[in-house]
**Q** 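Sharing a structure, written as structure tokens. Questions coming.
FYI, side chains are in, hydrogens and waters are out, and symmetry mates aren't considered; it's all heavy atoms of this structure.
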Amino acid sequence: TEEVAAPSPGLPPISQLVRAILGGRTQDAVSWAAFRRVRTAFPDWQALGSATPATLLPLIADVTHAENKARHLPLAITSIIARRGRLDLSFLINWPVMEAMAWLQRLPGVGPKTAASVLNFSTMTKRALVVDTHHLRVMSRLGVLPEGTSDQKGFDQQMPALPEEWDAPMVAHHHLLVKGLSQTLCIAKAPDCQHCPLYEECEWPQKRQRPASIQPGPAPPAPGPWP
């Protein structure tokens with residue numbers, strides 16, 4: 001059984017799986033609070049597999065798609081046990097990233113973003129890029145990805161493009177920097193293009209010409225803690 005983990009980088013894999021499922025389409029502060037409530041109620045993650053949606057829903061009611069997540073969490077736990085004989089994901093540390101991604105994505109409620117976060121943000125620290133709505137918005141505006149690219153296609157196209165010298169922590173840092181840019185300047189509506197440090201490289205047609213008196217701002221700080 002995994003220890004009770006504080007919300008910080010390097011959660012154990014099962015904890016990160018629960019955290020990532022809760023975090024889908026949900027602000028970090030909200031999903032972290034839900035994670036803590038679920039962890040308090042289920043100090044042994046294996047017991048989560050026996051939880052009913054009715055039991056879980058009050059604990060996670062404020063996350064996005066709470067009803068779906070209340071169903072998926074127990075199913076993901078029981079699926080791992082059924083496939084592996086015990087509740088453990090550490091075996092994936094020795095698997096190639098793409099094979100590990102495919103294994104995780106066969107779990108209920110697990111898409112490419114959740115799978116990559118389990119591999120990269122957990123104590124496995126594997127070289128897997130988390131591609132979320134923030135990443136897709138910034139990369140599409142930069143002209144790196146077509147507008148409307150899905151999470152899966154974004155992952156499939158971005159992974160081979162990562163510099164070979166980037167290790168897992170550097171890939172995680174890249175994700176956090178892009179997310180920080182998306183949350184502070186490259187927001188969905190009325191982005192602050194004039195102060196964006198990537199203004200000159202951006203191909204987004206809606207950006208307005210920057211007045212000569214305005215200089216690009218510093219790169220936004222990485223958001224804390226891990227998604």
**Q** Kindly check if the number of other-residue, nucleotide or ligand heavy atoms within 6.0 Å of CD (Glu67) is above 12?
**A**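 Not buried by this count: 12 neighbours or fewer within 6.0 Å.
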
**Q** Looking at every non-hydrogen atom in both residues, tell me the closest pair between Ala128 and Val97 and how far apart they are.
**A**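 Looking at all heavy atoms of both residues, the shortest contact is CB-CG1, 4.0 Å.
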
**Q** According to the ring-ring contact (aromatic ring centres under 6.0 Å, His included) rule, which pairs have a member within residues 73-94, sequence neighbours left out?
**A**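 Checked against ring-ring contact (aromatic ring centres under 6.0 Å, His included) - neighbours excluded - the pairs reaching residues 73-94 are Phe91-Trp95, Phe91-Trp103.
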
**Q** Does atom CD of Glu164 have more than 12 heavy-atom neighbours, drawn from other residues, nucleotides or ligands, at distances under 6.0 Å?
**A**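 It does not: Glu164 CD has 12 such atoms or fewer within range.
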
**Q** Are His135 and Val130 packed together at the side-chain level, in the sense that at least one heavy-atom pair is separated by less than 4.5 angstrom?
**A**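 No, their side chains stay 4.5 Å or more apart.
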
**Q** How far apart are the closest heavy atoms of Thr149 and Gly154, and which atoms are they?
**A**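 Of all heavy-atom pairs spanning Thr149 and Gly154, the closest is CG2-N, 3.4 Å.
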
**Q** Who passes side-chain contact (heavy atoms from CB on, under 4.5 Å) against Val171, sequence neighbours left out?
**A**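 Val171 satisfies side-chain contact (heavy atoms from CB on, under 4.5 Å) with Asn120, Arg127, Leu129, Leu162, Trp166 once adjacent residues are dropped.
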
**Q** Considering non-hydrogen atoms only, spot the tightest contact between Ala66 and Ala61 and give its length.
**A**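 Scanning both residues completely, I find the closest heavy atoms to be CB-O, 3.9 Å.
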
**Q** Tell me whether Arg39 contacts the main-chain N or O of Phe42 through its side chain, where contact means a donor paired with an acceptor under 3.5 Å.
**A**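 Confirmed, Arg39 side chain pairs with Phe42 backbone.
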
**Q** Is there a donor-acceptor contact under 3.5 Å from the side chain of Thr40 to the main chain of Arg36?
**A**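 Side chain of Thr40 to backbone of Arg36, a donor-acceptor pair under 3.5 Å: yes, one is there.
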
**Q** Which atom names give the shortest non-hydrogen contact between Gly23 and Ser31, and what distance separates them?
**A**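 That would be CA-CB, 3.7 Å.
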
**Q** So, do Met98 and Pro96 sit near enough that their side-chain heavy atoms are less than 4.5 Å apart?
**A**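 Heavy-atom side-chain distance check fails, nothing below 4.5 Å.
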
**Q** For the backbone of Cys202 and the side chain of Lys207, can you confirm whether one donor and one acceptor N or O come within less than 3.5 Å of each other?
**A**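 Yes; at least one donor-acceptor contact below 3.5 Å.
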
**Q** Can you name the residues that form a side chain to side chain donor-acceptor pair (under 3.5 Å) with Thr133, not counting sequence neighbours?
**A**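 With sequence neighbours excluded, Thr133 shows a side chain to side chain donor-acceptor pair (under 3.5 Å) to no residue whatsoever.
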
**Q** Just how far is it from atom CD1 of Ile60 to atom OG1 of Thr55, taken to the nearest 0.5 Å?
**A**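 Between atom CD1 of Ile60 and atom OG1 of Thr55 there are 11.0 Å.
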
**Q** Under the salt bridge (Lys or Arg N to Asp or Glu O under 4.0 Å) rule, what pairs show up with a residue in residues 45-63, not counting sequence neighbours?
**A**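 Sorted pair list: Arg37-Asp62.
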
**Q** With Gln157, which of Val144, Leu145, Val131 fulfils side chain to side chain contact (heavy atoms under 4.5 Å, CB included)?
**A**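 Per the side chain to side chain contact (heavy atoms under 4.5 Å, CB included) rule, the option paired with Gln157 is Leu145, out of Val144, Leu145, Val131.
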
**Q** If every non-hydrogen atom of Pro197 is compared with every non-hydrogen atom of Leu181, which pair is closest and at what distance?
**A**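 Closest approach of Pro197 to Leu181: CD-CD1, 4.2 Å.
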
**Q** List for me each residue that meets side chain to side chain donor-acceptor pair (under 3.5 Å) alongside Arg141, sequence neighbours excluded, and say none if there are none.
**A**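 For Arg141 there are no side chain to side chain donor-acceptor pair (under 3.5 Å) partners, ignoring immediate neighbours.
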
**Q** Flag yes if Leu89 and Leu75 sit in one hydrophobic cluster, no otherwise; membership is Ile, Leu, Val, Met, Phe, Trp, Tyr, and two members link when side-chain heavy atoms are under 4.5 Å apart.
**A**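 Unlinked, Leu89 and Leu75 end up in two clusters.
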
**Q** Is Leu92 close to Val118 at the side-chain level, that is, under 4.5 Å between some pair of heavy atoms?
**A**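 A side-chain contact is absent here, since even the closest heavy-atom pair is not under 4.5 Å.
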
**Q** When you measure from the side chain of Thr26 to the backbone N and O of Gly24, does any donor-acceptor pair fall under 3.5 Å?
**A**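 Present.
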
**Q** Is any side-chain heavy atom of Ile77 closer than 4.5 Å to one of Ile14?
**A**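 They are in side-chain contact.
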
**Q** Sequence neighbours left out, what pairs pass salt bridge (Lys or Arg N to Asp or Glu O under 4.0 Å) with at least one residue falling in residues 84-101?
**A**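 Listed by first then second residue: Arg86-Asp88.
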
**Q** Mark yes or no for whether Lys126, through its side chain, and Ile93, through its backbone, hold a donor-acceptor pair below 3.5 Å.
**A**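 A pair under 3.5 Å: yes.
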
**Q** Is it true that a side-chain atom of Lys179 and a backbone atom of Asp132 form a donor plus acceptor pair closer than 3.5 Å?
**A**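 No, Lys179 side chain to Asp132 backbone: no donor-acceptor pair under 3.5 Å.
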
